Every structure is written in structure tokens, then in C-alpha cells.
Number of protein chains: 2
Amino acid sequence: MDKFELKLDQAARAAWLSYVGGLTQDEIAGQLGVSRPGVQRLLALARQEGVVKVHIDHPIATCVALGHALAERFELRYCDVVPANADAPEDAARYLAVAGAKRLAQYVERSEPLTLSLGSGRSVRAAVEALDRVERPQHRFVSLIGNVARDGSSNRFDAVMALADKTGGERFLLPAPVVAESVAERQAMLSQRLFKAIADVAAASRAALIGIGRIDAQATLYQDHFINDAELDELLRLEAVGELLGWPLDSHGAPIECSLTQRVTSLPLSRFGDQLMVGIAGGRDKAPAILAALRGGWLKGLITDEVAARWILAAR
Amino acid sequence: MDKFELKLDQAARAAWLSYVGGLTQDEIAGQLGVSRPGVQRLLALARQEGVVKVHIDHPIATCVALGHALAERFELRYCDVVPANADAPEDAARYLAVAGAKRLAQYVERSEPLTLSLGSGRSVRAAVEALDRVERPQHRFVSLIGNVARDGSSNRFDAVMALADKTGGERFLLPAPVVAESVAERQAMLSQRLFKAIADVAAASRAALIGIGRIDAQATLYQDHFINDAELDELLRLEAVGELLGWPLDSHGAPIECSLTQRVTSLPLSRFGDQLMVGIAGGRDKAPAILAALRGGWLKGLITDEVAARWILAAR
DNA sequence: TCATTGGACGAGCAAATGATCGTATGCGAG
DNA sequence: CTCGCATACGATCATTTGCTCGTCCAATGA
């Protein structure tokens, strides 16, 4: 019999005793008549040779695996993947919100004063709503994207507003529409003292939770009338597939320069290099946009669902 | 969603990260936003609820499992089970011998002086033969069963002789036939000074490796003419199924008192209460005998093969 | 409203684990 | 036969793990 096979036999014995039998390495060493480090090596060999197979018998396991793969591929600090319930699509959105709320809670529950940024998107809003109410007046919450509608009214239902309401923290809202009417208007806004002050607060924030938008006829930017038909057409022509804070990205995640971007009032993406930008979005439709954001390296964290995760990993 | 299910979700996540992802509990704690002891508890829960399934992908695994089950059931210090190669039956005997030699080597290789007992049986002999030659003149080897044939000649091929030859150790042989011609002859032998001296050496031995014999027309005792037709018939009538050192046992492992046992010269089984008696035998045919020996509680170690192990465990 | 009890939580500690290093052992080439 | 190389082994140490205990919080009942 082969010398290597004999060793593998021993390794399999050791593996059984360790993983199934539940013995300690010392006991196994006694049983097999080798030293404790010898057992160590046998176990390492058994794992390396694939003799030991571990299976996690729970639906969530595939989600964790997907998240791990995404985190590895795109160098994320973390990636949460929630199950996509095919039977009840509305559940997926709720799962996403709960997962987002969990991450938010990790920050908000801390008692040291903290600055947190929030982007736009229904998912961000839903995450905030899923958060438990907790008194944290010491925190500051900044919106990274304008919350003024075309008609000049402030959006009462902004995520920052909701979060500040829930915690009693301070709120900092960008006093601007997402897209200015003209380049000159944008310049005027950006040079406001208040605007700069808010940008400073945002720069000091620990982390940011932002939505990821798609660019097509169902794009939020378009449906909420932040951009018009002509602007959408231009973006589609330039092959934009997604947007972060209103900044359009191509399929490789590179920012797209165009007439629209001359008038976007959000803080530039490049300003967030050192903070933990977390994207939250899910669903097959948003997958290409998420992939673009990941490829561009803009995100350090991601909260998504199984469907999007699978699509992205399959897209290579 | 159920509170318990949520916890199990978390537990499954933790289990995946730990067993598949290979993260430490500290890292998992960071990922999941719980304390390290929390992860500990989650992993314990996952194991307890059967979320984690470990499979050892190697034929030897079933052998180890069988051995473990036998050791548990019959309170053995250890139980080695070797694979039964259905294609090559002669291999089974060699495997058994190698396994026996391994256990023997554990004792023999020690440098402190050691006394070791050996019983009868082809398996014991084969185990000794499979042992590597090693110089250990400090050891003492005792035979627990007579090695004098009916014609008065000493059995040159006794296991003790072979082992002493291999190691240069001292040999102590019982100067008697296995079964005396008469009760009186047995008395005479047992009262010899030499006989008593050997019994004392045997009593001082650390461990004993003994064969397990079956009682039927193919019984070694009978085929080697240690007992005659009439004696075999008596044993069968009294429902003996096996023997240890010539002492017949019924199917529950209880010693059988009969005319034959009045003349057996081996040391009584009850004398070995405090030492490590290891049985070695395999094969479907010997399985009932092995089961009897186990049920009687005579053995503290067992070396057998897959076929016998399966039969014994199935016999309940 | 307050006391009580059950359960969860985290600090701290002992045991177990994985890894490194120096040493021994065997094997092949010269 | 001897040298050099490579491989394997076991002592030792840092890290990780499992566990115990005291504490706290929430639910329950008087």
C-alpha cells in the first residue's frame, strides 16, 4: 500500500475522531499513538486533501457564501446578502431594510458622538424606518444628496429627517435640488457658506449608507423627476448603467462626464475615499448598477439580496 | 418571523463563517455585530440543532465510527476496526495483524522495562510477525496459555518466542499443555513452583494481547487437537460460542463450568481484572465469539475488522 | 408599583489549538 | 562510506476557543 495513502488513512481517522467523535487532539494522539503536533498535521492534511466536508444545512448558508465571495472579489469590509424570497417579492425589500437597520444600529447605538452620512434611495429610507427608536442626541446625521424638490419644497420624508427624529440627533440637509437648473445655479449653491459647512460635516462622518440607482426608464432619478427625458436619453446614450448620489457610472464603474454632471450638486464621490461607504440595493433589475458601483471601487460595504448577488458573481 | 428562527439564522451565518469561511470567532463577532461569547453560543446552537454537518469522505471513516460505537457500548479503552476488503479476504487478516502490531509497538518501543502478556491464536502470532524488529532486552514477555503440544513438544512458533526473538527480551512460557489429561495432572502442574512464578510475572504485566476463539467444528482448539470430539460436543451442548485462553464462554460472555474447565491450565480470566486485556480477532465467523467476550466484560481493548464490527453492532 | 425569577450577556480564565523552530533521521549522490 | 540535503518529528509559545461566573434586563405575578 502507498505510503501516502497510509498517511491519509491516519488523517481520516484523526478527522473522524476530532470532528465526529468530538475528542481532543490529546485524546486522538493517545488513540493513534502519535504526538499531539502529529495529530495537528494529520488534521491539516485531511482538510487540505478534502477528506473533511462541512455542510451548513440552512438556507442562509448560501447567502453567507455569496456575501463572502462578493466581499473577497471587490475587497469589501463586509457584504450582507439577504435571502430573496421568490414567493413574496415584497419580503426581499423588508429583509434588505432589516439588514440595513442592523448595520445602522451598530453605529447609532454607540454612545460616543458620531457623524453618519446618508444617501438617497428607498432602501436607505426603509432601513432607517426598520431601526428601533433610541435616544442619541449626541449624533449628527448628514445627507449627501440634495433634498429639495423641483418645486423648492424640502422633502419631509428624507432618511436623515427620519433618523434624526428617531434618535433626537442633529440633522444636516443639503439645501439644494439633486440637479441644479443650470451650471451657474450649481456654482452659486456650491459657494454658499452653509453648503460648505455641511460638506465639512459630511467629510467628518464615520460611514455612509447610500442607495444605488439604476439608469433606465424605471430609474428613480427619472421617475421622481430629478432628471427629464432628454437627460435620461443622454445618460443612456453614454451607456450609464447606474448612479451613486446622482453621479452616473458606466458598466465599469467609471464616472461619466456629461452635461448633467455639470449640474449635480451632491458631494463628489472622490471625497469619500477614507470613509466606509456602504451601498444598499437589491433585485435583479438593480444588479447591473450594483456591479458597476462595485467595479468602480466606490463601496467598502454592501447590503444586497440573493438575486443580485448571484447575478453579479455570474457576470464575472 | 419567529424569534428562534432569527437566532438560528444568525447561528447558521456564524457556522458558515467559522467552518467554511475559516474566520476566527473574533472576526465573526465583528461581522455579525455581537460579542465573542455571543458567537460562541451561536456556534454551540448551530451544532446542537444539527445545522452543521461534517462528513469524512474516506472509506476508513466507517471503520472508525464502528470502532467508536463498539468502544462506547462495551466500555473499551480503545477499539481498532480495520477495513474488510471483500475482494481479497486474505488482506483482512494482514490488516488485522498490522493493526495489532501497531498497538504492540506502542508498548514494545518504550525503553522502560515492561512486562507484556500474550495469548494464543493465529492473529496474535501474525501481529507479532508484522512488528518491526527492535532491540529491547529489558522487556519480559509471558504466555498466558500452555505452549506444550499433546506429544510433549514445545511449540517453537509460539507468539512469545517470536516476540522475544525480535526484541531480545526475556520469555516466560507456561510449561503445560492447554488442557491437562486429568484433573490430577492439572493440579500437579498448577502447584509447580515454576508455574506459580510465571503466573506472578503475568500478574505484573501491563497489558495482554489475546486471541478470541470460536467454538464449533472449525474451532482452533479442536483443529489443533487441544480438545477431542467428545469435549467439543460437550461444549456445543452447553452452548459455548467462544473461548478466551481456552476458557469457554456462553453467548452472554459468562464462563461455562464443565468437565473440560476442570483441566484447563491457563490462568483464570478473573485474574486479569486490573490489566489491559486486548482481544484480537476478525471475520464473520468469529463475530459471535467476539460478542460473547465483549458481553462478558473481559476485554478492555479490541482489534477487529469491519465485518465482525458490523455484525456485533447489529446483534444488539 | 415593586419584588421575583428566568434568561441573556460579557469579563475573565483555563484548556485546546495552530505555528514556529531546532533537532533528528533517513535517503541519495559523490 | 561519508557528506549533504530534505523531510519529518517533537518541544515550546502565541493565539484561539470553550466555559464559568457574576451581573443585568425583561417578563411575570403579588
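As the structure is a prediction and not an experimental result, all values here were calculated from the model. First the proteins, then the strands, lettered A, B, ... as listed; each starts at 1.
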### Nearest listed nucleotide, side chain of B/Arg47, among D/dG10, D/dG18, C/dG18
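Shortest atom-to-atom distance from the side chain points to D/dG18.
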
### Summary
With the side chain defined as heavy atoms from C-beta on, B/Pro37 is closest, among D/dC13, C/dG12, D/dG18, to C/dG12

N/O-N/O pairs, protein side and nucleotides 21-26 of chain C side, under 3.5 Å:
none

#### Entry: Sub-4.5 Å side-chain heavy-atom contact between A/Ile312 and A/Phe74
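In short, these two side chains touch, coming nearer than 4.5 Å.
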
Rounded to whole angstroms, how far apart are [atom1] on [X] and [atom2] on [N]?
{"X": "A/Arg36", "N": "D/dG10", "atom1": "CZ", "atom2": "P", "result": "12 Å"}
{"X": "B/Glu109", "N": "D/dG10", "atom1": "CD", "atom2": "C1'", "result": "15 Å"}
{"X": "B/Gln40", "N": "D/dC21", "atom1": "CD", "atom2": "C1'", "result": "15 Å"}
{"X": "A/Gln48", "N": "C/dG18", "atom1": "CD", "atom2": "P", "result": "14 Å"}

What's the shortest heavy-atom distance between [X] and [Y], and which atoms?
{"X": "B/Gln275", "Y": "B/Ala208", "answer": "OE1-CB, 4.2 Å"}
{"X": "B/Gln25", "Y": "B/Val39", "answer": "O-CG2, 3.8 Å"}
{"X": "B/His58", "Y": "A/Asp9", "answer": "CE1-OD1, 2.9 Å"}

Keeping [X] on the side-chain end and [Y] on the backbone end, is there a donor-acceptor pair under 3.5 Å?
{"X": "A/His139", "Y": "A/Leu116", "value": "no"}
{"X": "A/Thr167", "Y": "A/Glu135", "value": "no"}
{"X": "A/Glu27", "Y": "A/Thr24", "value": "yes"}

### Summary
So, with a heavy-atom separation below 4.0 Å from DNA chain D, the residues of residues 15-30 of chain B are B/Thr24, B/Gln25

### Query
A/Lys7 side chain N/O closer than 4.0 Å to the phosphate oxygens (OP1, OP2) of D/dC9?
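Checking A/Lys7 against D/dC9: at least one side-chain N or O falls below 4.0 Å of OP1 or OP2.
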
### Query
What distance do A/Leu104 atom CG and A/Leu118 atom CG have between them, rounded to the nearest 0.5 Å?
6.5 Å

